[in-house]
Number of protein chains: 2
Amino acid sequence: MKTEQVISMTTKKEHIILTTSELIHSKGYENTKLSDILNAADIGKGQFYHYFSTKKDLGIAVVDQFVRTWDQNLIEAILKSDKPSGEKLNEMLDWAIAYHEKSASFRGCPFGNLALEMSEHDETFRTKVNVLFEKWINSLADVLKDIVGEDMARQHAQAVVAQIEGGILLMKNFQDLTILKNIVENIRVQYAKH
Amino acid sequence: MKTEQVISMTTKKEHIILTTSELIHSKGYENTKLSDILNAADIGKGQFYHYFSTKKDLGIAVVDQFVRTWDQNLIEAILKSDKPSGEKLNEMLDWAIAYHEKSASFRGCPFGNLALEMSEHDETFRTKVNVLFEKWINSLADVLKDIVGEDMARQHAQAVVAQIEGGILLMKNFQDLTILKNIVENIRVQYAKH
DNA sequence: CGACTCCTACCAACCAGTCGGTACAATTCA
DNA sequence: TGAATTGTACCGACTGGTTGGTAGGAGTCG
């Protein structure tokens with residue numbers, strides 16, 4: 001029984017990008033070998049090099065895809081919605097936990113992972129990850145303006161993002177989701193009574 | 001006579017460990033190739049495999065060395081000293097900044113780096129990194145007891161460590177030390193008024 | 001001597017990337 | 001019309017270089 005046509009939902013190129021996203025998210029970029037990609041996406045080398053010129057070319061497409069997704073789901077849908085600020089902050093924190101709850105493993109934050117793996121020896125990746133962090137901090141600072149005032153907003157936004165990323169790091173190493181939950185709860189309390 | 005032999009052997013082995021520490025700190029474990037180690041330490045392969053049985057064997061020795069150093073300089077010398085708690089917290093934060101200030105590059109926290117690189121696909125490294133984080137959080141919780149009370153101490157300790165690690169992550173990606181400084185200042189303010 | 005220390009030459013496995021070729025549909029030409 | 005040409009999608013054997021690790025020899029020193 002052949003199920004060839006099922007894949008035509010997305011294009012072949014998108015299929016490769018999506019499959020590789022998973023691999024890079026859990027194994028990192030360098031540690032994801034071309035052979036892993038070829039096996040996971042069930043394609044041959046010819047097909048791969050028909051759509052992408054190098055492995056890095058694919059890597060960049062994967063990061064772009066991550067940035068696009070987060071831009072939609074976190075920044076646009078939550079932080080730039082027209083709900084009250086306190087609600088937006090809470091929704092962001094809910095989203096963070098839900099993100100790591102659903103993927104029964106401890107792969108961590110794709111941007112945090114890439115930041116630590118790549119930022120010191122590859123400018124292309126560093127810059128792309130940077131754009132997302134910058135957007136995140138800026139739009140979060142906008143939200144926090146109403147809570148801590150204009151002067152301190154950006155500093156607090158940095159601190160909150162740092163706390164989340166650090167929490168994810170600890171969660172990953174302890175292989176224990178409750179650590180992240182504690183830290184998120186800590187953030188909630190910190191900004192609830194303002 | 002025998003002492004001299006032992007010392008020179010230890011020195012040589014330690015020299016390899018120390019040199020590799022630098023490499024692993026800035027490039028990560030997998031990305032530090034054996035040839036890099038051989039070049040940096042200026043030794044031949046025979047010498048390497050005389051002292052270490054595998055690359056992973058060296059990697060473990062390097063992590064052990066990091067753990068020992070931090071145990072001495074951070075946990076014993078600062079967090080378990082007999083100074084007042086507020087002072088110990090401040091000294092820890094000073095130490096964190098000084099650590100990243102002196103190494104004119106942005107290599108990040110060796111444990112944070114290893115946690116994200118290795119913890120999902122190597123139990124040995126994950127466990128060793130875990131031990132250090134556990135020690136750090138426990139002895140920091142002891143310090144925070146006097147500031148936030150026994151009940152909340154551990155949760156706050158986790159949050160502070162997360163904030164520092166996340167701050168280092170952002171600092172590394174933004175290649176900007178002031179981000180870490182802001183976050184550390186934020187922590188200082190948070191626990192100063194208690 | 002013989003244990004210890006350290007060397008170079010070498011190995012199989014693996015890596016990203018290349019290359020000659022195939023299948024087949026669309027376009028051009030006679 | 002239908003034969004020749006062109007373009008797109010794909011294959012997998014192969015390449016040059018790198019990887020971690022091994023074998024066997026040589027210098028040193030008690």
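Reminder, nothing fancy here: chain letters follow the sequence lines and each chain counts from 1.
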> For the pair made of CG in B:D57 and P in D:dG20, what is the distance, rounded to whole Å?
Replying inline: 14 Å
>> I want to check a possible cation-pi pair here: A:K56 against A:F125, using under 6.0 Å from ring centre and within 45° of the ring axis as the test.
In response: no
> Below 4.0 angstrom, N of the basic side chain to O of the carboxylate: do A:R107 and A:E22 qualify?
Replying inline: yes
> Quick one: which of B:D142, B:D146, B:N90 gives a side chain to side chain donor-acceptor pair (under 3.5 Å) with B:S85?
Replying inline: B:D146
>> A side-chain contact here means heavy atoms from C-beta on lying under 4.5 Å apart; do A:N31 and B:H121 qualify?
In response: yes
> Going by heavy atoms closer than 4.0 Å, what residues in residues 114-127 of chain B are next to DNA chain D?
Replying inline: none
>> Check this one for me: any side-chain N or O of A:S35 less than 4.0 Å away from OP1 or OP2 of C:dA16?
In response: no
> Nearest-Å distance, NZ (B:K13) to P (C:dC4)?
Replying inline: 15 Å
> What is the ring orientation for B:F174 with A:F133, classed by angle as parallel under 30°, tilted 30 to 60°, or perpendicular over 60°?
Replying inline: tilted
> For A:E30 and C:dC15, what is the distance between atoms CD and C1' respectively, to the nearest whole Å?
Replying inline: 12 Å
>> Is the ring pair A:W70/A:F111 parallel, tilted or perpendicular, if the boundaries are 30 and 60 degrees?
In response: perpendicular
Protein-nucleotides 17-19 of chain C N/O pairs under 3.5 Å:
residue	atom	partner	partner atom	Å
C:dG17	OP2	A:Y49	OH	3.1
C:dG17	OP2	A:K55	N	2.8
C:dG17	N7	A:K45	NZ	2.9
C:dG17	O6	A:K45	NZ	2.3

> For the pair made of NE2 in B:H15 and P in C:dC6, what is the distance, rounded to whole Å?
Replying inline: 11 Å
> Within the structure, does a side-chain N or O atom of A:H50 lie under 4.0 Å from either OP1 or OP2 of D:dA9?
Replying inline: yes
> Are OP1 or OP2 of D:dA9 and a side-chain N or O of A:Q47 less than 4.0 angstrom apart?
Replying inline: no
> Rounded to the nearest Å, what distance is computed from the CZ atom of residue A:F52 to the C1' atom of nucleotide D:dC10?
Replying inline: 15 Å
> Got a salt bridge between A:E185 and A:R188, using NZ or NE/NH1/NH2 to carboxylate O under 4.0 Å?
Replying inline: yes
>> For A:K135, I'd like to know if atom NZ has over 12 heavy atoms of other residues, nucleotides or ligands within 6.0 Å.
In response: no
> Counting just side-chain N and O atoms, does B:Y51 come under 4.0 Å of either OP1 or OP2 of C:dC6?
Replying inline: yes
> Can you check the B:L38 CG to C:dC6 P distance for me, whole Å?
Replying inline: 13 Å
> So, is the end of the B:K55 side chain (NZ or CZ) under 6.0 Å from the ring centre of B:Y49 and within 45° of the ring's axis?
Replying inline: no
